[in-house]
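The next block holds one structure in the form of structure tokens; read it before the comments.
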Amino acid sequence: MTVRTRFAPSPTGFLHIGGARTALFNMLFARHHGGQYLLRIEDTDKARSTEAAVQQILNSLAWLGLSPDEEPVFQSHREARHAEVARELLAAGKAYLAFDTAEELAAMREQAMKEGRPPRYDGSWRDRDPSDAPPDRKPAIRLKAPRQGSTIVEDLVQGRVEVQNSELDDMIILRSDGTPTYLHAVVVDDHDMGITHVIRGDDHLTNTFRQCMVYDAMGWHRPYFAHIPLIHGADGAKLSKRHGAVGVMEFEAQGFLPEAVCNYLLRLGWGHGDEEIVPRDRAIELFDLKDVGRAASRMDYAKLTHLNGVYLRGAEDARLTEEVLKRLAHRGIDYGTLGGDRVRALMPALKERAKTLEELTSAAAFAAQEGPPPLEPKAATQLTPEAKALLADLAQFLTDAPWEQAELMNWLRDYAEVKGMKLGQVAQPLRIALSGSTQSPPIDAVLTALGRTEAMDRILAAAE
RNA sequence: GUCCCCAUCGUCUAGAGGCCUAGGACACCAGCCUUUCACGUUGGUAACACGGGUUCGAAUCCCGUUGGGGACGCCA
């Protein structure tokens with residue numbers, strides 16, 4: 001059996017971090033078994049689905065490296081098939097026409113709730129003759145649910161779950177306007193797409209029992225199910241916008257790397273011993289549903305940030321430089337070819353001290369820009385008259401220095417020694433002059449990256 | 001309300017009856033390294049929700065309590 005999984009988001013908003021993890025698990029599971037990972041857009045709710053959201057989801061998945069192996073399936077394009085299956089069930093006597101109105105159903109639910117019963121459809125039309133129906137009413141099609149016994153699902157994550165059939169009711173599979181309901185469409189599509197493993201959020205666990213009824217009625221083989229726990233916000237409540245960044249593309253904007261986000265998401269709910277850094281290849285190698293936990297987990301931005309730092313330090317300089325220049329431009333910071341080169345030259349040192357691309361961009365700005373950098377408040381207070389005098393003297397001293405990193409370091413050490421100062425006392429004013437900040441990459445690296453002319457300009461400017 | 005799921009440091013987790021005086025990671029605190037900041041490194045604070053069983057022995061199995069979460073639509 002070739003494993004086929006799918007991620008099935010509804011395009012009613014941006015792809016959030018929980019959906020991203022579901023997609024990730026689906027992909028990893030399929031890859032681990034050498035199978036396929038597919039995407040189905042569940043856009044049957046015309047009122048809430050938008051083209052923009054579809055595009056957003058596609059972009060988000062692409063950014064994460066979770067694009068599907070085959071063209072996405074649009075559920076809305078398959079409505080004829082859904083209706084066909086519903087009518088087949090009707091013809092086979094496994095479903096029936098129900099002529100209830102929305103008001104009648106609402107009243108039924110309310111009444112049931114009031115009496116402490118579960119709000120279920122009472123099956124009024126199950127055995128009633130359709131000719132009883134008022135002539136102007138359009139019927140929905142309801143599936144006849146078994147009333148005795150129980151339904152058992154052997155969930156690959158949750159284990160064996162059993163629900164009494166008396167808890168279920170005759171669900172609508174085809175609305176009175178001829179469109180399919182979600183519970184029905186999902187089953188038909190999963191079946192037709194040859195999905196072998198349905199991996200989704202555990203908010204769908206109770207739905208599964210209803211879906212099983214469709215599989216059973218059609219005589220179709222049920223796929224394996226795996227319901228993974230949801231992700232909660234830092235406060236333990238369901239993830240929502242007030243929890244800071246939740247949309248996948250927000251993470252991109254905040255300077256997170258897709259591989260770091262994936263690694264973080266993977267470790268949320270899945271573990272393999274003490275392994276924390278699990279790149280894609282390793283994840284594919286190790287991933288198994290039996291290692292997925294059953295408890296909901298919380299979003300922890302501090303840990304994500306740490307992980308991002310790890311991946312950032314390991315990333316290619318060229319890639320990071322490109323990202324930083326793009327972000328500098330986005331910030332409206334002007335840099336020329338020289339500025340770009342300086343950032344490139346400094347990248348190995350820069351990336352050691354940043355955790356996100358945004359931090360990296362801020363840290364690189366001084367090198368990108370032309371001329372003396374703006375002084376940070378803290379740096380300004382350290383630029384005392386004494387410091388300025390020192391810089392003036394240092395400029396003089398460095399005039400004849402060969403502009404090479406190791407050499408420059410030797411010269412600085414010599415200078416400090418001659419003056420009877422510690423290296424730090426020399427390096428710090430220099431750092432401020434060159435970077436405008438009290439924090440920067442090592443001073444020799446900054447000096448060489450800037451080049452003699454630019455460096456000298458800045459030292460002299462700060463000395464005044 | 002009814003049904004379903006869950007429960008180890010603040011957070012993510014390791015743990016499938018003795019290897020647990022409960023391990024790792026993030027965060028936090030202290031030290032070291034050091035031209036700043038990071039990185040790195042050493043150490044520290046910190047958890048088996050509670051109550052009953054089962055067993056020679058329970059974080060691990062069972063039951064209950066409490067606490068979280070989810071589902072109950074002609075939404076997906």
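The sequence lines fix the lettering, A, B, ..., with proteins before strands; numbering per chain opens at 1.
Of the two residues contacting RNA chain B, namely A:Glu42 and A:Glu276, the nearest-nucleotide position lying further toward the 5' end is that of A:Glu276. Along RNA chain B, the nucleotide nearest to A:Asp291 and the one nearest to A:Arg353 differ in position, and the one closer to the 5' end is contacted by A:Asp291.
Between A:Thr181 and the phosphate of B:G73, there is no side-chain N or O to OP1/OP2 separation shorter than 4.0 Å. Contact annotation: A:Lys290 does not reach the phosphate of B:A16 (side-chain N/O to OP1 or OP2, under 4.0 Å). Close to B:C74, at under 4.0 Å from its OP1 or OP2, lies a side-chain N or O of A:Arg142. In this model, the phosphate group of B:C74 is approached by a side-chain N or O of A:Arg109 to a distance below 4.0 Å at OP1 or OP2. Applying the 4.0 Å criterion to OP1 and OP2 of B:C74, one finds that A:Ser176 has every side-chain N and O outside that range. An OP1 or OP2 oxygen of B:A76 is reached within less than 4.0 angstrom by a side-chain nitrogen or oxygen of A:Arg175. The phosphate of B:U36 (OP1 or OP2) has no side-chain N or O of A:Arg431 nearer than 4.0 angstrom.
The one candidate from A:Phe7, A:Trp270, A:Phe287 that meets the ring-ring contact (aromatic ring centres under 6.0 Å, His included) condition with A:Phe25 is A:Phe287.
Between the base of B:G24 and the side chain of A:Glu275 there is no donor-acceptor pair shorter than 3.5 Å. Looking at A:Arg48, its side chain comes within 3.5 Å of the base of B:C75 through a donor and an acceptor atom. The base of B:G23 sits within donor-acceptor range of the side chain of A:Asp274, with an N or O pair under 3.5 Å.
Rounded to the nearest Å, the gap between the C1' atom of B:U2 and that of B:U55 is 37 Å.
Comparing atom distances between the A:Thr206 side chain and each of B:C12, B:C74, B:C4 picks out B:C4 as nearest. Closest contact between the side chain of A:Leu230 and the listed nucleotides B:G70, B:A76, B:C26 involves B:G70.
Judged by distance alone, the side chains of A:Tyr264 and A:Asn308 never bring a donor and an acceptor atom under 3.5 Å apart. Of the N and O atoms on the side chains of A:Ser435 and A:Arg431, not one donor lies less than 3.5 Å from an acceptor on the other residue. Side-chain contact annotation: A:Arg78 with A:Gln75, donor-acceptor N/O pair under 3.5 Å absent.
Atom NE2 of A:His232 and atom P of B:C12 are 11 Å apart (whole Å). In this structure, A:Leu265 atom CG and B:C12 atom C1' are separated by 12 Å, rounded to whole Å. Distance A:Arg210 CZ to B:A76 P: 14 Å, rounded to the nearest Å.
Residues A:Thr448 and A:Leu346 fail the side-chain proximity criterion, which asks for heavy atoms closer than 4.5 Å.
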